[in-house]
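A quick note: this is a predicted structure, and the numbers were derived from the prediction, not measured.
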Amino acid sequence: MADPKTDPGREGTRLIAALEKCWTQIQKRHPDLPPVLFITGTGIPRRQVEKPSTSTGAPRRRQLVTRGHHWADRWAIAEEEHRLAELFVAGETIRDGGEEVLKTLLHEAAHALGFVRKIQDTSTGDPRWHRKEFAQLARETGLEPPRKSEKPLGFSNCTLTDATRKEYATVIRQIDGAALPALGGADQEGTEEEDPTKPETPGSTNGKRVKVVCGCLPNPRAFPVTPKVLAEGPIVCGLCGQPFTLPDEEDQDVAAGDGPDAAPEPYGSTPDAAVALPEPRSAEAGEPEVFPMHMGN
(Lines give C-alpha, C1' and ligand atoms only; values in the text may rest on other atoms or scores of the structure.)
Protein backbone atom coordinates (compact mmCIF):
# COMPACT_ATOMS: atom_id res chain seq x y z
CA MET A 1 0.00 0.00 0.00
CA ALA A 2 1.31 3.44 -0.91
CA ASP A 3 2.28 5.80 1.88
CA PRO A 4 -0.42 8.54 1.92
CA LYS A 5 2.27 11.13 2.63
CA THR A 6 4.29 10.26 -0.47
CA ASP A 7 1.62 8.85 -2.78
CA PRO A 8 1.80 10.72 -6.12
CA GLY A 9 -1.96 10.31 -6.42
CA ARG A 10 -2.39 12.88 -3.68
CA GLU A 11 -0.64 15.64 -5.65
CA GLY A 12 -3.84 16.72 -7.39
CA THR A 13 -5.65 17.00 -4.06
CA ARG A 14 -2.77 18.98 -2.58
CA LEU A 15 -2.76 21.35 -5.56
CA ILE A 16 -6.49 22.15 -5.36
CA ALA A 17 -6.29 22.51 -1.57
CA ALA A 18 -3.53 25.13 -1.95
CA LEU A 19 -5.62 27.13 -4.44
CA GLU A 20 -8.67 26.92 -2.16
CA LYS A 21 -6.67 28.26 0.79
CA CYS A 22 -5.46 31.15 -1.32
CA TRP A 23 -9.02 31.95 -2.39
CA THR A 24 -10.15 31.87 1.25
CA GLN A 25 -7.59 34.57 2.08
CA ILE A 26 -8.89 36.70 -0.80
CA GLN A 27 -12.48 36.21 0.40
CA LYS A 28 -11.55 37.49 3.86
CA ARG A 29 -10.57 40.80 2.28
CA HIS A 30 -13.56 40.82 -0.10
CA PRO A 31 -16.54 39.27 1.74
CA ASP A 32 -18.91 39.49 -1.23
CA LEU A 33 -16.79 37.04 -3.24
CA PRO A 34 -18.69 33.74 -3.70
CA PRO A 35 -17.18 30.27 -3.30
CA VAL A 36 -15.78 28.69 -6.45
CA LEU A 37 -14.90 25.24 -7.73
CA PHE A 38 -11.25 25.01 -8.80
CA ILE A 39 -10.03 23.09 -11.82
CA THR A 40 -6.62 23.05 -13.43
CA GLY A 41 -4.85 21.74 -16.50
CA THR A 42 -2.88 23.14 -19.40
CA GLY A 43 -3.59 26.67 -20.57
CA ILE A 44 -2.61 25.76 -24.14
CA PRO A 45 -5.56 24.95 -26.46
CA ARG A 46 -5.79 21.23 -27.13
CA ARG A 47 -5.57 21.56 -30.91
CA GLN A 48 -2.19 23.32 -30.56
CA VAL A 49 -0.86 20.44 -28.46
CA GLU A 50 -2.21 17.56 -30.57
CA LYS A 51 -1.45 18.98 -34.04
CA PRO A 52 2.12 20.29 -34.00
CA SER A 53 3.73 21.37 -37.24
CA THR A 54 5.70 18.49 -38.80
CA SER A 55 6.72 20.03 -42.14
CA THR A 56 10.44 20.29 -42.74
CA GLY A 57 11.58 23.84 -42.23
CA ALA A 58 8.11 24.97 -41.10
CA PRO A 59 8.04 27.78 -38.51
CA ARG A 60 7.45 26.77 -34.91
CA ARG A 61 3.77 26.82 -34.00
CA ARG A 62 2.98 29.62 -31.54
CA GLN A 63 1.19 28.26 -28.47
CA LEU A 64 -0.68 30.83 -26.41
CA VAL A 65 -1.16 30.15 -22.70
CA THR A 66 -4.40 31.13 -20.99
CA ARG A 67 -3.51 31.86 -17.37
CA GLY A 68 -7.00 31.32 -15.96
CA HIS A 69 -10.70 31.96 -16.35
CA HIS A 70 -13.85 32.52 -14.28
CA TRP A 71 -17.14 30.93 -15.40
CA ALA A 72 -20.11 31.83 -13.20
CA ASP A 73 -22.82 29.27 -12.33
CA ARG A 74 -20.93 26.52 -14.14
CA TRP A 75 -21.24 23.64 -11.63
CA ALA A 76 -24.42 22.21 -10.12
CA ILE A 77 -24.37 21.00 -6.51
CA ALA A 78 -26.62 17.99 -6.06
CA GLU A 79 -27.53 18.70 -2.42
CA GLU A 80 -27.90 22.46 -2.93
CA GLU A 81 -30.13 24.57 -5.11
CA HIS A 82 -27.38 27.05 -6.01
CA ARG A 83 -24.54 26.61 -8.49
CA LEU A 84 -20.81 27.22 -8.17
CA ALA A 85 -18.58 29.23 -10.44
CA GLU A 86 -15.70 27.47 -12.15
CA LEU A 87 -12.26 28.98 -11.55
CA PHE A 88 -9.55 27.59 -13.80
CA VAL A 89 -5.85 28.11 -13.03
CA ALA A 90 -3.41 26.84 -15.66
CA GLY A 91 -0.62 24.48 -14.70
CA GLU A 92 1.78 26.85 -16.48
CA THR A 93 0.70 29.62 -14.09
CA ILE A 94 1.37 27.40 -11.05
CA ARG A 95 4.85 26.64 -12.38
CA ASP A 96 5.68 30.36 -12.38
CA GLY A 97 5.23 30.64 -8.62
CA GLY A 98 3.22 32.32 -5.91
CA GLU A 99 3.05 35.82 -7.36
CA GLU A 100 1.70 34.61 -10.70
CA VAL A 101 -0.88 32.40 -8.98
CA LEU A 102 -1.98 35.27 -6.74
CA LYS A 103 -2.18 37.68 -9.68
CA THR A 104 -4.34 35.24 -11.63
CA LEU A 105 -6.66 34.61 -8.67
CA LEU A 106 -7.07 38.35 -8.02
CA HIS A 107 -7.78 38.84 -11.73
CA GLU A 108 -10.53 36.21 -11.62
CA ALA A 109 -11.78 37.64 -8.31
CA ALA A 110 -12.38 40.92 -10.15
CA HIS A 111 -14.53 39.05 -12.69
CA ALA A 112 -16.39 37.32 -9.84
CA LEU A 113 -17.14 40.70 -8.21
CA GLY A 114 -18.40 41.98 -11.55
CA PHE A 115 -20.80 39.04 -11.85
CA VAL A 116 -22.09 39.40 -8.28
CA ARG A 117 -22.65 43.13 -8.72
CA LYS A 118 -24.10 42.72 -12.23
CA ILE A 119 -21.34 44.82 -13.83
CA GLN A 120 -20.56 44.11 -17.49
CA ASP A 121 -16.77 44.02 -17.31
CA THR A 122 -15.97 42.34 -20.65
CA SER A 123 -17.25 42.95 -24.14
CA THR A 124 -20.47 41.17 -25.10
CA GLY A 125 -19.08 40.68 -28.62
CA ASP A 126 -15.63 39.40 -27.60
CA PRO A 127 -15.33 37.96 -24.05
CA ARG A 128 -11.56 38.44 -24.23
CA TRP A 129 -11.87 42.25 -24.32
CA HIS A 130 -11.68 43.68 -20.76
CA ARG A 131 -13.55 46.96 -20.42
CA LYS A 132 -12.85 49.98 -18.19
CA GLU A 133 -15.30 48.53 -15.66
CA PHE A 134 -12.93 45.60 -15.22
CA ALA A 135 -10.03 47.97 -14.56
CA GLN A 136 -11.97 49.48 -11.65
CA LEU A 137 -12.73 46.06 -10.19
CA ALA A 138 -9.11 44.97 -10.62
CA ARG A 139 -7.90 47.97 -8.62
CA GLU A 140 -10.30 46.98 -5.86
CA THR A 141 -8.75 43.51 -5.61
CA GLY A 142 -5.22 44.91 -5.45
CA LEU A 143 -4.10 44.88 -9.08
CA GLU A 144 -2.87 47.73 -11.25
CA PRO A 145 -4.43 47.69 -14.76
CA PRO A 146 -2.71 49.24 -17.79
CA ARG A 147 -3.17 53.00 -18.18
CA LYS A 148 -4.93 52.51 -21.51
CA SER A 149 -6.51 49.59 -23.29
CA GLU A 150 -4.18 47.21 -25.10
CA LYS A 151 -4.80 44.94 -28.10
CA PRO A 152 -6.23 42.36 -28.13
CA LEU A 153 -7.44 42.09 -24.50
CA GLY A 154 -8.24 45.65 -23.39
CA PHE A 155 -7.43 46.29 -19.71
CA SER A 156 -6.64 42.63 -18.94
CA ASN A 157 -2.86 42.81 -18.46
CA CYS A 158 -2.74 43.80 -14.78
CA THR A 159 0.20 43.74 -12.37
CA LEU A 160 0.54 43.26 -8.62
CA THR A 161 1.08 46.42 -6.62
CA ASP A 162 3.76 46.59 -3.92
CA ALA A 163 1.04 46.99 -1.30
CA THR A 164 -0.68 43.81 -2.50
CA ARG A 165 2.59 41.86 -2.40
CA LYS A 166 3.05 42.87 1.25
CA GLU A 167 -0.56 42.13 2.15
CA TYR A 168 -0.42 38.62 0.65
CA ALA A 169 3.25 37.93 1.45
CA THR A 170 2.37 34.87 3.56
CA VAL A 171 0.17 33.42 0.80
CA ILE A 172 2.92 33.90 -1.79
CA ARG A 173 5.50 32.19 0.44
CA GLN A 174 3.17 29.27 1.12
CA ILE A 175 2.56 28.64 -2.58
CA ASP A 176 6.27 28.94 -3.40
CA GLY A 177 7.21 26.62 -0.54
CA ALA A 178 4.60 23.98 -1.35
CA ALA A 179 6.42 22.82 -4.52
CA LEU A 180 3.09 22.17 -6.20
CA PRO A 181 2.89 20.02 -9.34
CA ALA A 182 2.93 22.19 -12.44
CA LEU A 183 3.26 22.21 -16.21
CA GLY A 184 6.09 23.53 -18.41
CA GLY A 185 6.03 27.28 -18.77
CA ALA A 186 6.89 29.84 -21.44
CA ASP A 187 10.39 28.43 -21.93
CA GLN A 188 8.96 25.10 -23.11
CA GLU A 189 9.69 24.48 -26.80
CA GLY A 190 7.05 26.01 -29.05
CA THR A 191 5.23 27.70 -26.18
CA GLU A 192 4.91 31.32 -25.23
CA GLU A 193 2.56 33.32 -23.06
CA GLU A 194 -0.07 35.36 -24.84
CA ASP A 195 1.16 38.94 -25.12
CA PRO A 196 -1.75 41.38 -24.71
CA THR A 197 0.38 44.24 -26.04
CA LYS A 198 1.43 42.57 -29.27
CA PRO A 199 -0.19 44.39 -32.26
CA GLU A 200 -2.37 42.65 -34.77
CA THR A 201 -0.61 41.35 -37.88
CA PRO A 202 -1.80 43.45 -40.87
CA GLY A 203 -2.07 40.38 -43.08
CA SER A 204 -3.82 38.21 -40.50
CA THR A 205 -6.63 36.01 -41.78
CA ASN A 206 -7.99 34.90 -38.42
CA GLY A 207 -11.35 36.57 -39.06
CA LYS A 208 -11.05 39.27 -36.42
CA ARG A 209 -12.22 42.69 -37.56
CA VAL A 210 -11.39 46.27 -36.65
CA LYS A 211 -13.47 49.40 -37.07
CA VAL A 212 -12.36 51.97 -39.65
CA VAL A 213 -13.71 55.51 -40.06
CA CYS A 214 -13.58 58.15 -42.78
CA GLY A 215 -13.09 61.93 -42.55
CA CYS A 216 -16.74 62.99 -42.82
CA LEU A 217 -17.60 65.66 -40.24
CA PRO A 218 -19.25 65.94 -37.81
CA ASN A 219 -20.31 62.29 -38.09
CA PRO A 220 -17.70 60.07 -39.77
CA ARG A 221 -18.92 56.89 -41.42
CA ALA A 222 -17.62 53.60 -39.99
CA PHE A 223 -17.71 49.88 -40.71
CA PRO A 224 -15.80 46.71 -39.65
CA VAL A 225 -13.08 45.24 -41.84
CA THR A 226 -10.43 42.53 -41.46
CA PRO A 227 -6.79 43.67 -41.11
CA LYS A 228 -5.94 41.72 -44.29
CA VAL A 229 -8.44 43.68 -46.40
CA LEU A 230 -7.27 46.96 -44.87
CA ALA A 231 -3.65 46.12 -45.70
CA GLU A 232 -4.43 45.42 -49.37
CA GLY A 233 -4.95 49.11 -50.15
CA PRO A 234 -6.86 52.30 -49.27
CA ILE A 235 -10.66 52.14 -48.95
CA VAL A 236 -11.90 55.58 -50.02
CA CYS A 237 -15.15 57.20 -48.84
CA GLY A 238 -17.42 58.29 -51.69
CA LEU A 239 -18.65 61.34 -49.73
CA CYS A 240 -15.54 63.00 -48.32
CA GLY A 241 -12.99 61.41 -50.65
CA GLN A 242 -10.74 60.44 -47.75
CA PRO A 243 -9.54 56.90 -46.99
CA PHE A 244 -10.99 54.91 -44.12
CA THR A 245 -8.46 54.60 -41.27
CA LEU A 246 -8.26 53.13 -37.77
CA PRO A 247 -9.76 55.40 -35.06
CA ASP A 248 -8.25 56.12 -31.66
CA GLU A 249 -7.44 53.16 -29.40
CA GLU A 250 -10.44 53.75 -27.10
CA ASP A 251 -12.87 53.65 -30.02
CA GLN A 252 -11.91 50.06 -30.78
CA ASP A 253 -14.13 49.01 -27.83
CA VAL A 254 -17.06 49.27 -30.21
CA ALA A 255 -15.33 47.13 -32.83
CA ALA A 256 -14.52 44.57 -30.14
CA GLY A 257 -18.17 44.31 -29.22
CA ASP A 258 -18.96 46.96 -26.56
CA GLY A 259 -21.41 48.78 -28.80
CA PRO A 260 -25.19 48.50 -28.44
CA ASP A 261 -25.42 46.33 -31.54
CA ALA A 262 -22.96 43.72 -30.33
CA ALA A 263 -24.07 40.12 -29.90
CA PRO A 264 -22.43 37.65 -27.47
CA GLU A 265 -20.45 34.59 -28.44
CA PRO A 266 -21.45 31.13 -27.16
CA TYR A 267 -20.13 29.76 -23.87
CA GLY A 268 -17.71 27.43 -25.62
CA SER A 269 -15.62 30.19 -27.20
CA THR A 270 -11.88 29.99 -26.59
CA PRO A 271 -9.32 32.80 -26.14
CA ASP A 272 -7.83 32.27 -29.56
CA ALA A 273 -11.11 31.73 -31.42
CA ALA A 274 -11.71 33.89 -34.46
CA VAL A 275 -13.96 36.87 -33.77
CA ALA A 276 -16.35 38.19 -36.42
CA LEU A 277 -18.65 41.14 -35.87
CA PRO A 278 -22.35 40.24 -35.96
CA GLU A 279 -24.95 41.64 -38.31
CA PRO A 280 -26.69 44.83 -37.06
CA ARG A 281 -29.57 44.20 -34.64
CA SER A 282 -32.94 45.86 -34.86
CA ALA A 283 -34.18 48.19 -32.13
CA GLU A 284 -36.74 45.55 -31.10
CA ALA A 285 -34.03 43.04 -30.33
CA GLY A 286 -33.64 44.45 -26.82
CA GLU A 287 -30.57 44.52 -24.61
CA PRO A 288 -27.73 42.10 -25.43
CA GLU A 289 -27.59 39.01 -23.26
CA VAL A 290 -24.80 39.00 -20.68
CA PHE A 291 -22.67 35.87 -20.62
CA PRO A 292 -20.97 35.15 -17.33
CA MET A 293 -17.88 33.43 -18.73
CA HIS A 294 -14.70 35.48 -18.74
CA MET A 295 -11.60 34.13 -20.39
CA GLY A 296 -9.38 35.75 -17.86
CA ASN A 297 -5.85 36.80 -18.47
Side-chain angles (χ1 to χ4, degrees), residues 30 32-34 64 66-74 85-88 103-161 194-200 207-213 222 224 246-267 269-278 280-281 285-297:
H30 305 280
D32 50 343
L33 277 176
L64 304 180
T66 298
R67 290 288 181 176
H69 73 236
H70 171 267
W71 193 335
D73 292 341
R74 174 66 167 161
E86 172 182 292
L87 206 158
F88 168 78
K103 183 172 69 173
T104 297
L105 291 184
L106 293 176
H107 182 112
E108 305 312 331
H111 285 307
L113 289 175
F115 179 76
V116 170
R117 299 173 186 175
K118 302 185 185 307
I119 297 174
Q120 182 67 34
D121 60 354
T122 60
S123 168
T124 54
D126 182 357
R128 302 176 307 169
W129 185 266
H130 292 56
R131 300 171 54 173
K132 293 180 179 179
E133 290 82 355
F134 171 80
Q136 297 173 355
L137 293 168
R139 290 190 184 96
E140 182 177 339
T141 64
L143 298 175
E144 183 59 36
R147 305 181 91 179
K148 60 184 298 186
S149 61
E150 302 171 336
K151 295 179 181 179
L153 303 179
F155 291 93
S156 172
N157 190 28
C158 300
T159 58
L160 286 176
T161 64
E194 184 170 3
D195 184 2
T197 63
K198 187 167 184 177
E200 293 291 323
K208 184 174 180 179
R209 304 183 185 185
V210 294
K211 183 183 70 174
V212 292
V213 297
L246 294 172
D248 294 336
E249 183 80 21
E250 289 77 7
D251 293 338
Q252 286 300 332
D253 285 2
V254 177
D258 284 348
D261 295 331
E265 289 187 348
Y267 275 6
S269 61
T270 56
D272 59 333
V275 178
L277 287 177
R281 292 159 48 100
E287 293 295 326
E289 183 180 356
V290 176
F291 279 77
M293 181 180 181
H294 303 293
M295 296 315 298
N297 53 331

Let's go through Leu143 and Thr159 carefully: what are the C-alpha distance in whole Å and the side-chain angles of both, what is the deciding distance for side chain to side chain contact (heavy atoms under 4.5 Å, CB included) to 0.1 Å, and is it a yes or a no?
CA-CA 6 Å; Leu143 298 175; Thr159 58; over 6 Å; no
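- Listed for the Gln136 side chain is no donor-acceptor partner under 3.5 Å among the backbone atoms of Ala138.
- Rounding to the nearest 0.5 angstrom, the gap separating the OG1 atom in Thr141 from the NE2 atom in His111 is 10.0 Å.
- Side-chain atoms of Glu108 come within 3.5 Å of backbone N or O of His70 as a donor-acceptor pair.
- The closest side-chain heavy-atom distance from Leu113 to Asp121 is not below 4.5 Å.
- Note on ring orientation: taking the six-membered ring where Trp is involved, the planes of Phe134 and His107 are tilted (angle from 30° to 60°).
- In this structure, the separation between CH2 on Trp129 and CD on Glu150 is 9.0 Å, given to the nearest 0.5 Å.
- Note that the CG atom of Leu106 and the NE2 atom of His30 stand 6.5 Å from one another [nearest 0.5 Å].
- The shortest non-hydrogen separation linking Leu87 to Leu105 is CD2-CD2, 3.8 Å.
- Ala85 and Ala72 make their closest contact through CB-CA, 3.8 Å (heavy atoms, listed as atom of the first residue, atom of the second, distance).
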Would you check, one step at a time, whether the test side chain to side chain contact (heavy atoms under 4.5 Å, CB included) holds for Glu144 with Arg139?
CA-CA 6 Å; Glu144 183 59 36; Arg139 290 190 184 96; 4.2 Å; yes
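- His69 and Phe88 have their aromatic ring centers within a separation under 6.0 angstrom.
- When every heavy atom of Lys132 is checked against every heavy atom of Phe155, the shortest pair comes out as CG-CE1, 3.5 Å.
- The nearest pair of heavy atoms linking Leu33 to Ala109 is CD2-O, 3.5 Å.
- Between Glu140 and Arg117 there is a salt bridge, since a side-chain N of the basic residue sits under 4.0 Å from a carboxylate O of the acidic one.
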